[in-house]
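Here, residue 1 is the first one in the sequence, and each next residue gets the next number.
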Amino acid sequence: MGRVGLTTERLVRAGAELADEVGFDQVTASALARRFDVKVASLYSHLRNSQDLKTRIALLALEELADRAAEALAGRSGADALAAFANVYRDYARAHPGRYAAARHPLDCETAAGSAGVRIAQLTRAILRGYDLSEPDQTHAVRLLGSVFHGYVSLETAGGFSHSAPDSQESWTRILEALDSLLRTWPDRP
């Protein structure tokens, strides 16, 4: 029987909050137990270990991202959908840096296949249907978008763009315009 008031969901949400406060790498079962002023053993009726906690936080983060992306994309297409999707990533990373890092946590194949990461990939492909890309170019484009969004957000949140003009928002807007242009004129391979 677990300690009264502790549930897996409550622990995972508290772990996600802890990740946002101290960084995903610093989240452990011990740190979470301190937050609840309990012994680590009290968590083991709900979590197997720190790795299980991190996996569950990653799944929560992917679910939150997928829900926000689906909401942002509703009724949009083309450049508008691309910008909405990109802004979900950027806004989420800024508001929840630890959870955003958790969304990049490696998952085993079975866990990944059952995660909301699949929905995120489907939403990305839905955006790309508006650009009339076929395979394997669609997969290349999914990887390009993920790389650009993650790279920009990682550099920006680390302060990489805070010391020079133009403003980071202006660059973000221009990058999204450039991606839209690239996707509309994706090069054919001979």
> So, Thr173 and Gln169: side-chain donor and acceptor under 3.5 Å apart, yes or no?
Replying inline: yes
> Where does the angle between the aromatic ring planes of Tyr152 and Trp172 fall among parallel (under 30°), tilted (30 to 60°) and perpendicular (over 60°)?
Replying inline: tilted
> Mind checking whether Leu65 and Leu60 sit in one hydrophobic cluster, side chains of I, L, V, M, F, W, Y counted as touching below 4.5 Å?
Replying inline: no
> Between Leu11 and Leu6, what is the shortest heavy-atom contact and its length?
Replying inline: CD2-CD2, 3.9 Å
>> Run Arg68 and Asp91 through salt bridge (charged side-chain N to carboxylate O under 4.0 Å, His left out) and show every step you take.
In response: CA-CA 10 Å; Arg68 290 173 185 193; Asp91 294 344; over 6 Å; no
> From Ile127 CD1 over to Gln122 CD, what is the distance, rounded to the nearest 0.5 angstrom?
Replying inline: 12.5 Å
>> Would the distance check show the side chain of Ser154 and the main-chain N or O of Gly151 forming a donor-acceptor pair, the cut-off being under 3.5 Å?
In response: no
>> So Leu145 and Leu82, do their side chains get closer than 4.5 Å, heavy atoms only?
In response: yes
>> Could you walk me through whether Glu135 and Thr139 satisfy the side-chain hydrogen bond (donor to acceptor under 3.5 Å, both in side chains) test, starting with their C-alpha distance in whole Å, then the side-chain angles of each, then the deciding distance to 0.1 Å, before giving a yes or no?
In response: CA-CA 6 Å; Glu135 284 299 345; Thr139 296; 2.7 Å; yes
> What is the minimum heavy-atom distance between Ser115 and Leu62, and which atoms define it?
Replying inline: OG-CD1, 3.9 Å
>> Looking at Leu176, is its backbone amide N or carbonyl O close enough to the side chain of Asp180 to form a donor-acceptor pair, meaning the two atoms are under 3.5 Å apart?
In response: no
>> Is there a side-chain contact between Lys54 and Phe24 in this structure, where contact means two heavy atoms from C-beta onward sitting under 4.5 Å apart?
In response: yes
> Does atom CG of Asp132 have more than 12 heavy-atom neighbours, drawn from other residues, nucleotides or ligands, at distances under 6.0 Å?
Replying inline: no
>> Under the criterion side-chain hydrogen bond (donor to acceptor under 3.5 Å, both in side chains), I'd like the reasoning laid out for Arg129 against Ser77: C-alpha separation, chi angles, the key distance, then a yes or no.
In response: CA-CA 9 Å; Arg129 280 195 294 274; Ser77 63; over 6 Å; no
> Quick check: does any side chain N or O of Ser168 sit under 3.5 Å from a backbone N or O of Phe161, one acting as donor and the other as acceptor?
Replying inline: no
> Going by heavy atoms in the side chains, are Leu179 and Leu144 under 4.5 Å from each other?
Replying inline: yes
> Does His46 reach the side chain of Glu9, with side-chain heavy atoms less than 4.5 Å apart?
Replying inline: no
> With side chains defined as the heavy atoms from C-beta onward, is the minimum distance between Arg56 and Arg13 less than 4.5 Å?
Replying inline: no
>> Check the orientation of Tyr100 and Tyr89. Use parallel for under 30°, tilted for 30 to 60°, and perpendicular for over 60°.
In response: perpendicular
> Are the side chain of Thr157 and the backbone of Val153 linked by a donor-acceptor contact shorter than 3.5 Å?
Replying inline: yes
> Given side chains that start at C-beta, do those of Val12 and Ile57 come closer than 4.5 Å, heavy atoms only?
Replying inline: yes
> Which heavy atom of Tyr131 sits nearest a heavy atom of Gly78, and at what distance?
Replying inline: OH-C, 3.3 Å
>> Is it the case that over 12 heavy atoms from other parts of the model lie below 6.0 angstrom from the CZ atom of Arg143?
In response: no
> Between the side chain of Ser181 and the main-chain N/O of Glu177, is any donor-acceptor distance below 3.5 Å?
Replying inline: no
> Atom CG in Leu43, atom OG in Ser50: separation rounded to 0.5 Å?
Replying inline: 9.0 Å
>> When you group the ILVMFWY residues by side-chain heavy-atom contacts below 4.5 Å and let the links chain together, are Val118 and Val142 in the same group?
In response: no
> Do you know which two heavy atoms are closest between Ala81 and Leu73, and how far apart they sit?
Replying inline: O-CD2, 3.3 Å
>> Show, in sequence, the C-alpha distance, side-chain angles and deciding distance for Val27 and Leu32, and conclude whether the side chain to side chain contact (heavy atoms under 4.5 Å, CB included) test is met.
In response: CA-CA 7 Å; Val27 174; Leu32 189 59; 5.9 Å; no
> For the hydrophobic clusters of this structure (ILVMFWY residues joined by side-chain heavy atoms under 4.5 Å, transitively), does one cluster hold both Leu53 and Tyr44?
Replying inline: no
> Salt-bridged, Asp67 to Arg119, with N to O below 4.0 Å?
Replying inline: yes
> Which heavy atom of His105 sits nearest a heavy atom of Ala58, and at what distance?
Replying inline: CB-CB, 3.9 Å
>> Quick check: do Leu107 and Leu59 have side-chain heavy atoms less than 4.5 Å from each other?
In response: yes
> Taking the side chain from Asp20 and the backbone from Arg99, do they hold a donor-acceptor pair closer than 3.5 Å?
Replying inline: yes
> So, Asp52 side chain and Leu47 main chain: donor-acceptor pair closer than 3.5 Å or not?
Replying inline: no
>> Are Ile175 and Trp186 connected into the same hydrophobic cluster when the rule is that any two of I, L, V, M, F, W, Y join if their side-chain heavy atoms are below 4.5 Å apart?
In response: yes
> Are Arg76 and Phe85 side-chain neighbours, meaning at least one heavy-atom pair lies under 4.5 Å?
Replying inline: no
>> Quick check on Arg104: does its CZ atom have over 12 non-hydrogen neighbours (other residues, nucleotides or ligands) under 6.0 Å away?
In response: yes
> Can you name the nearest heavy-atom pair linking Ala69 to Leu123, along with the distance?
Replying inline: CB-CD1, 3.8 Å
